[in-house]
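The structure appears below as structure tokens.
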2 protein chains.
Amino acid sequence: MKLTSKGRYAVMALVDLARFNNLNPVSLRDISLRQGISLDYLEQIFSKLRKKEIVQSVRGTQGGYVLSKKAKEIKLTNILDAVDEKVKTLQCKKESKKGCNGRSTKCLTHNLWDELENHINNFFEKKSLDDLVKDNTEKRV
Amino acid sequence: MKLTSKGRYAVMALVDLARFNNLNPVSLRDISLRQGISLDYLEQIFSKLRKKEIVQSVRGTQGGYVLSKKAKEIKLTNILDAVDEKVKTLQCKKESKKGCNGRSTKCLTHNLWDELENHINNFFEKKSLDDLVKDNTEKRV
DNA sequence: TATATACTTGACTAAATTAGTCAGGTTTAT
DNA sequence: ATAAACCTGACTAATTTAGTCAAGTATATA
């Protein structure tokens, strides 16, 4: 089980953005340089973040991205959701009709994966972008 | 982020095994049929479980597998560890020397992934095979 | 208004991982 | 003897990941 780069990058980029957000739009180029993430890849990621209204774009020179909401209101769930980085533990949900509907001996562990999903999502619900920025500034002070 | 089939199968198979463990060794063929998992794949999985001393094999006719310890003493961590289904959130740990050692602005989110790892592992530490078997028998009664 | 900066979009691809299959074994109860 | 069951290693198709590449559009500013 792993968290993929796309999800990590999205969070890293947004923390970076949030720290400079007060003043001007932040360009992907800057984020790319600071965080060491490919610019082209960042563009893909921000396209998704924009569609989910987590960031807003400002075109043209001196353009870039700004947060659509306050950092406190952006939860990790929102970010990871936006880039399709969901927690998937159950296969049987997809093919809902077959097996795993309580009758058969299959999916002895159905409840377990549900619990796990909740457990993880709970973590993501609690953490806001603001929490992460604070964690970081505290550490450097 | 997803839990792969190997991990799910390992847990499913062991819950199945644990339920019949009292009497005789349980053959992979039976587990394969009951849980709908390919026999060949189960053999790979059980090879790993055996190496980590979670199960013991009994060869020959009427052979199969038995738990090495009591179900209460087998935690989910142990199972998932055995089949290499660890929680991997951080890439930067691998290439330890580069970046992410506190100096650079990289890895603003380092602590976050650590926290997440702990959060998930905590869940796996608490759950024992016995818990899962009980959950299941309770449900059917 | 020319131009550089920066966002926008879609197609493409190499590498890695996953989820197995396949083909051969060896062991042992009956 | 023989069938049931474990044991091992090599192989592979499909999927996912982590990008790259190309060709734009929008706009601040000199």
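In what follows, chains are A, B, ... by sequence order, proteins preceding strands, each numbered from 1. Scope of the values below: all heavy atoms of this structure, side chains included, with no hydrogens, waters or symmetry mates. Please read these numbers as outputs of a predicted model, since none were measured by experiment.
The side chain of A:Ser57 places no N or O atom within less than 4.0 Å of a non-bridging phosphate oxygen (OP1 or OP2) of C:dA6. When the side-chain nitrogen and oxygen atoms of B:Ser27 are compared with OP1 and OP2 of D:dA4, none of them lie within a distance under 4.0 Å. When the side-chain nitrogen and oxygen atoms of A:Tyr9 are compared with OP1 and OP2 of D:dT17, none of them lie within a distance under 4.0 Å. In this model, the phosphate group of D:dA18 is approached by a side-chain N or O of A:Ser5 to a distance below 4.0 Å at OP1 or OP2.
Atom C1' of nucleotide C:dC7 and atom NZ of A:Lys48 are separated by 17 Å, given to the nearest angstrom. Rounded to an integer number of Å, the gap from B:Leu33 CG to D:dA4 C1' is 14 Å. Across the protein-nucleic acid pair, B:Leu3 atom CG and D:dT16 atom P stand 16 Å apart, rounded to whole Å. For B:Gln56 and D:dC7, the CD to P distance is 11 Å, given to the nearest whole Å. We find that CD1 of B:Ile45 is positioned 15 Å from C1' of D:dT8, with the value rounded to whole Å. Computed from coordinates, the A:Asn24 CG to C:dA6 C1' distance equals 14 Å when rounded to whole Å. The nearest whole Å value for the distance from the CD1 atom in A:Ile37 to the C1' atom in D:dT20 is 16 Å. If you measure from atom CZ of B:Arg50 to atom C1' of D:dC7, you get 7 Å, rounded to the nearest angstrom.
Judged by distance alone with a 3.5 Å cut-off, a donor-acceptor contact links the side chain of A:Gln44 to the base of D:dT20. If you check distances only, the side chain of A:Glu43 never reaches the base of D:dT20 with a donor-acceptor pair under 3.5 Å.
Within 4.0 Å of B:Val26, counting heavy atoms only, lie sugar-phosphate atoms of the nucleic acid but no base atom. A:Tyr65 comes within contact range of the sugar-phosphate backbone alone, with a heavy-atom separation under 4.0 Å but no base atom that close.
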What are the atom names and distances for every N/O pair under 3.5 Å that joins the protein to nucleotides 28-30 of chain D?
residue: D:dA28; atom: N3; partner: A:Thr61; partner atom: OG1; Å: 3.3

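Checking A:Lys127, A:Lys134, A:Lys126 one by one against A:Asp130, the salt bridge (Lys or Arg N to Asp or Glu O under 4.0 Å) holds for a single residue, A:Lys134.
With hydrogens and angles left out, the side-chain atoms of A:Arg8 and A:Ser5 include a donor and acceptor closer than 3.5 Å.
Checked against C:dG20, C:dC22, D:dC21, the side chain of A:Asp40 finds its nearest nucleotide in D:dC21. Set against C:dG20, C:dT9, D:dC6, the side chain of A:Ser47 has C:dT9 as its closest nucleotide.
Sorted by first then second residue, the side-chain hydrogen bond (donor to acceptor under 3.5 Å, both in side chains) pairs that include residues 37-55 of chain A, not counting sequence neighbours, are A:Lys48-A:Asp84. Pairs passing the side-chain hydrogen bond (donor to acceptor under 3.5 Å, both in side chains) check and including a residue from residues 63-81 of chain B, sequence neighbours excluded, do not occur.
When the side-chain contact (heavy atoms from CB on, under 4.5 Å) test is applied to B:Ile37, the partners found at least two apart in sequence or on another chain are B:Tyr9, B:Gln35, B:Leu42. The salt bridge (charged side-chain N to carboxylate O under 4.0 Å, His left out) search around B:Lys6 returns none, not counting sequence neighbours. With sequence neighbours excluded, the residues forming a side-chain contact (heavy atoms from CB on, under 4.5 Å) with A:Leu80 are A:Val11, A:Glu85, A:Phe124, listed by chain and number.
Comparing B:Glu85 and B:Leu39 by the nucleotide of DNA chain C that holds the closest heavy atom to each, the one mapping nearer the 5' end is B:Glu85. The residue among B:Arg29 and A:Tyr41 whose nearest nucleotide of DNA chain D is located toward the 5' end is B:Arg29.
At a threshold of 4.5 Å between side-chain heavy atoms, the hydrophobic network of Ile, Leu, Val, Met, Phe, Trp and Tyr places A:Val58 and A:Val26 in two separate groups.
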